[in-house]
Amino acid sequence: MLSLRNLSRAYKTRAGFTHVLQQVNLDIPAGDFVTLMGPSGAGKSTLLSILGLYDHEWEGEYRLDGTEVHKLGVRERAALNKKHVGFVFQQFHLLDDLTVAENLDIPLSYRDVKKSEREALVADTLDRFGIVGTKDLYPAQLSGGQQQLVAIARAVIAKPSLLLADEPTGNLHTDQGRQIMELFRRLHGEGTTIVQVTHNEEWAGYGSRIVRLKDGWMER
Ligand code: ADP
Ligand code: MG
């Protein structure tokens with residue numbers, strides 16, 4: 001269960017404060033599959049990075065599975081993130097000086113998984129995503145679509161209980177996008193809580209409900 005109460009986020013700019021999220025209230029039961037939609041600039045990425053415990057410059061209350069995130073320090077939030085969250089960044093954020101296989105190993109290294117098991121999981125994931133041929137390449141050597149597949153693979157490899165995906169299929173072909181949505185549907189069936197951002201109505205249909213964000217406000 002994830003709940004936000006009166007959550008606000010403002011960016012300080014030279015012109016003053018830009019209020020991006022204002023008094024957002026949101027409840028997402030465990031195991032829900034929510035699609036967050038709204039125009040560009042509405043605050044979708046900002047909201048997702050707060051949910052993923054990457055952004056701390058907000059006010060209000062955030063509860064995650066009984067933990068009061070607003071009362072935690074940055075280190076404790078990072079620990080919670082590593083334990084529970086898988087995140088597909090809109091701009092991928094792969095680690096440039098690590099190979100694809102090494103990027104996929106990172107989330108596993110945060111868990112208590114043996115080296116041999118980690119290697120097997122990475123090999124299996126490369127295979128499932130059809131990216132075995134890229135395993136020793138660096139992100140800069142990949143196409144945008146390949147980088148996005150690696151970003152999704154990295155987000156799901158450690159079986160996070162909370163999967164957050166920011167336009168995860170934006171760089172993929174339609175049939176690849178559909179495969180990713182089938183994967184999300186399967187993870188949802190296994191109890192993963194998912195919040196995805198998309199502009200695609202078909203992909204939104206894979207979720208159980210749509211939440212619309214407009215100018216930093218939840219639409220009612
Ligand atoms: P969306 O993902 O819905 O397109 P974002 O969350 O990326 O929207 O951005 C929402 C608003 O916050 C936009 O007006 C954007 O310009 C502003 N914004 C985002 N990041 C920053 C930043 N680091 N500094 C200042 N303004 C920002
Ligand atoms: Mg965005």
Side-chain angles (χ1 to χ4, degrees), residues 2-28 32-62 64 69-70 74 77-78 81 85-96 139 143-156 160 162-174 176-177 180-181 183-184 193-220:
L2 180 164
S3 98
L4 303 178
R5 288 291 170 273
N6 299 320
L7 190 117
S8 298
R9 171 63 159 110
Y11 288 107
K12 199 175 179 183
T13 60
R14 259 187 292 176
F17 282 99
T18 312
H19 296 277
V20 175
L21 298 173
Q22 307 199 63
Q23 307 288 321
V24 169
N25 293 303
L26 178 65
D27 287 306
I28 300 178
D32 206 357
F33 182 175
V34 172
T35 303
L36 188 58
M37 299 185 93
S40 179
K44 304 181 298 296
S45 295
T46 300
L47 182 57
L48 221 56
S49 70
I50 292 170
L51 295 181
L53 306 157
Y54 291 104
D55 180 11
H56 309 299
E57 309 285 304
W58 45 269
E59 287 174 12
E61 296 176 7
Y62 174 11
L64 179 59
V69 175
H70 48 283
V74 172
R77 291 181 190 190
N81 162 286
V85 176
F87 202 102
V88 184
F89 294 91
Q90 193 168 8
Q91 307 300 337
F92 318 134
H93 291 318
L94 300 172
L95 296 176
D96 286 333
S143 71
Q146 288 172 321
Q147 290 186 41
Q148 188 148 47
L149 286 176
V150 177
I152 298 165
R154 179 182 62 175
V156 302
L162 178 60
L163 174 61
L164 303 167
D166 200 351
E167 306 196 28
T169 62
N171 291 269
L172 303 181
H173 295 299
T174 304
Q176 285 176 314
I180 296 304
M181 286 302 115
L183 166 67
F184 282 18
T193 307
I194 304 177
V195 184
Q196 70 167 351
V197 171
T198 183
H199 296 288
N200 183 316
E201 295 287 345
E202 184 186 342
W203 299 167
Y206 282 80
S208 39
R209 67 188 170 108
I210 295 174
V211 169
R212 291 187 194 275
L213 198 61
K214 190 170 178 258
D215 300 333
W217 299 82
M218 289 294 168
E219 284 196 326
R220 284 166 201 283

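In each ligand, atom 1 is the first atom listed, and ligand 1 is the first ligand listed. Computation of the quantities below employed the complete heavy-atom set of this structure, encompassing side-chain atoms and omitting hydrogens, waters and symmetry-equivalent molecules.
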Identify the closest protein heavy atom to [atom]: which residue and atom is it, and at what distance?
atom: atom 7 (O) of ligand 1; answer: S45 CB, 3.7 Å
atom: atom 19 (C) of ligand 1; answer: Y11 CE1, 3.4 Å
atom: atom 6 (O) of ligand 1; answer: T46 OG1, 2.6 Å
atom: atom 12 (O) of ligand 1; answer: V20 CG2, 3.1 Å
atom: atom 13 (C) of ligand 1; answer: G41 O, 3.9 Å
atom: atom 8 (O) of ligand 1; answer: G43 N, 3.2 Å

- Task: Would you please classify the geometry between the F89 ring and the F87 ring as parallel, tilted or perpendicular, with 30° and 60° separating the classes?
- Result: tilted

- Return yes when P39 approaches ligand 1 closer than 4.0 angstrom through a heavy atom, no otherwise. yes

- Query: Has A42 got any heavy atom lying under 4.0 angstrom from an atom of ligand 1?
  - Reply: yes

[X] side chain vs [Y] backbone, donor-acceptor pair below 3.5 Å:
X: D32; Y: V34; answer: no
X: K44; Y: L213; answer: no
X: Q147; Y: P139; answer: yes
X: R77; Y: V69; answer: yes
X: S3; Y: D27; answer: no

- Return yes when at least one protein heavy atom is under 4.0 Å from atom 16 (O) of ligand 1, and no when none is. no

- Considering all protein heavy atoms, does one lie under 4.0 Å from atom 27 (C) of ligand 1? yes

- How far does CG of L47 sit from CG of D55, to the nearest 0.5 angstrom? 10.0 Å

- Message: Checking the N or O distance criterion of under 3.5 Å, is ligand 1 in contact with Q90?
- Response: no

- Item | Test log, rule side-chain contact (heavy atoms from CB on, under 4.5 Å), inputs L21 and W58 | CA-CA 9 Å; L21 298 173; W58 45 269; over 6 Å; no

- Taking the Mg ion (ligand 2) as the vertex, what is the angle from OG of S45 to OE1 of Q90, given to 10 degrees? 80°

